[in-house]
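To start, the structure under review is shown below, and the notes come after it.
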Amino acid sequence: MSETFHVKIKKDYAAAILKDLEKMDAVELLIEDDTIPEWQVNLVNERMAEYKKNPGIALDFDEAMDDIEKDL
């Protein structure tokens, strides 16, 4: 049996219990990195700067979604 759960640990003792379970090879703790890569932050900043210089380049969200759905 292998199931994956996403858990928010609210108490220190709960984290300790999970670590004990990992030591007993009962669970595998998967640590996820939620940080945004620097290249992605830079790209968004560049696009925002370009938009501020030329707001006309922005697309309407609903129109863009309609275009995407037409291509599906």
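Atom set for the values below is all heavy atoms of this structure, side chains included, hydrogens, waters and symmetry mates excluded.
- Rounded to the nearest 0.5 Å, atoms CD (E28) and OG1 (T4) are 8.5 Å apart.
- Contacts of V41 classified as side chain to side chain contact (heavy atoms under 4.5 Å, CB included), with partners at least two apart in sequence or in another chain: I36, N45.
- In the hydrophobic cluster analysis, where Ile, Leu, Val, Met, Phe, Trp and Tyr join through side-chain heavy atoms closer than 4.5 angstrom, F61 is grouped together with I68.
- Residue pairs meeting the side-chain hydrogen bond (donor to acceptor under 3.5 Å, both in side chains) criterion with at least one partner in residues 50-67, sequence neighbours excluded, are absent.
- Counting non-hydrogen atoms of neighbouring residues, nucleotides and ligands closer than 6.0 angstrom, the CD atom of Q40 exceeds 12 such neighbours.
- Chaining together hydrophobic side chains whose heavy atoms lie under 4.5 Å apart places Y13 alongside F5, V7, I9, I17, L18, L21, M24, V27, L29.
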